Undergrad: 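Okay, handing you the structure first.
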Amino acid sequence: YFVERQFYRYNMKGVIVSMLFGLNTKVENAAFCSEACLNALEEAKVLKVDINSTLVSPNFLYELVKKLNWKKTTWN
């Protein structure tokens, strides 16, 4: 997923418009972090939800992943 989209950029315009006006804007070749993570998880068939990924907040993504009951790992 990420290799195919390595030249995408962060959707800063979408963040600003969302924060100031509460509007959802989609910018071509750009994504929010939570949007990219959700799409990658869906493409890997780890997670399947029926929601537009541009509407997913970091907190909502966290709640979705938490429901998977993954065990915590440590990187030593």
Side-chain angles (χ1 to χ4, degrees):
Y1 175 86
F2 292 108
V3 171
E4 294 170 358
R5 291 160 181 84
Q6 62 183 315
F7 298 108
Y8 274 35
R9 61 190 188 284
Y10 187 74
N11 187 357
M12 186 58 71
K13 178 182 175 185
V15 169
I16 293 169
V17 170
S18 174
M19 290 174 71
L20 292 176
F21 305 108
L23 301 173
N24 182 24
T25 62
K26 177 67 178 155
V27 177
E28 191 170 330
N29 295 329
F32 297 119
C33 297
S34 53
E35 177 183 359
C37 290
L38 178 64
N39 289 335
L41 289 169
E42 284 191 316
E43 192 167 304
K45 303 206 183 331
V46 172
L47 187 64
K48 179 65 180 149
V49 292
D50 188 26
I51 189 169
N52 182 338
S53 62
T54 61
L55 302 176
V56 174
S57 69
N59 289 335
F60 185 77
L61 179 62
Y62 171 75
E63 292 300 323
L64 288 174
V65 171
K66 195 166 78 170
K67 289 180 182 181
L68 294 174
N69 281 330
W70 285 342
K71 294 182 180 179
K72 291 184 179 181
T73 59
T74 57
W75 303 90
N76 295 332

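As the structure is a computational prediction, the values presented were derived from the model and not from experiment.
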Undergrad: Starting at CD of Glu42, measure out to CG of Leu38 and round the result to the nearest 0.5 Å.
TA: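 Between Glu42 CD and Leu38 CG, I get 4.5 Å after rounding to 0.5 Å.
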Undergrad: Starting from Leu47, can I reach Tyr62 by hopping between I/L/V/M/F/W/Y residues whose side chains sit under 4.5 Å apart?
TA: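 No: no chain of side-chain contacts under 4.5 Å links Tyr62 to Leu47.
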Undergrad: Report yes if some heavy atom in the side chain of Asn39 is under 4.5 Å from a heavy atom in the side chain of Glu43; otherwise report no.
TA: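 No, every pair of side-chain atoms sits at 4.5 Å or beyond.
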Undergrad: Give every residue pair that meets the salt bridge (Lys or Arg N to Asp or Glu O under 4.0 Å) criterion with at least one member in residues 44-53, sequence neighbours excluded.
TA: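 Qualifying pairs: none.
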Undergrad: Quick one: list whatever passes side chain to side chain donor-acceptor pair (under 3.5 Å) with Ser34, sequence neighbours left out.
TA: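 In terms of side chain to side chain donor-acceptor pair (under 3.5 Å), with neighbours along the sequence ignored, Ser34 is linked to no residue.
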Undergrad: Taking side chain to side chain contact (heavy atoms under 4.5 Å, CB included) as the definition, give me every residue that meets it alongside Phe60, ordered by chain and number, with sequence neighbours left out.
TA: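 Listed in chain order: Ile51, Val56, Ser57, Leu64.
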Undergrad: Can you list every pair that meets salt bridge (Lys or Arg N to Asp or Glu O under 4.0 Å) and has a residue in residues 54-65, with sequence neighbours left out?
TA: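 Residue pairs passing salt bridge (Lys or Arg N to Asp or Glu O under 4.0 Å), neighbours aside: Glu63-Lys66.
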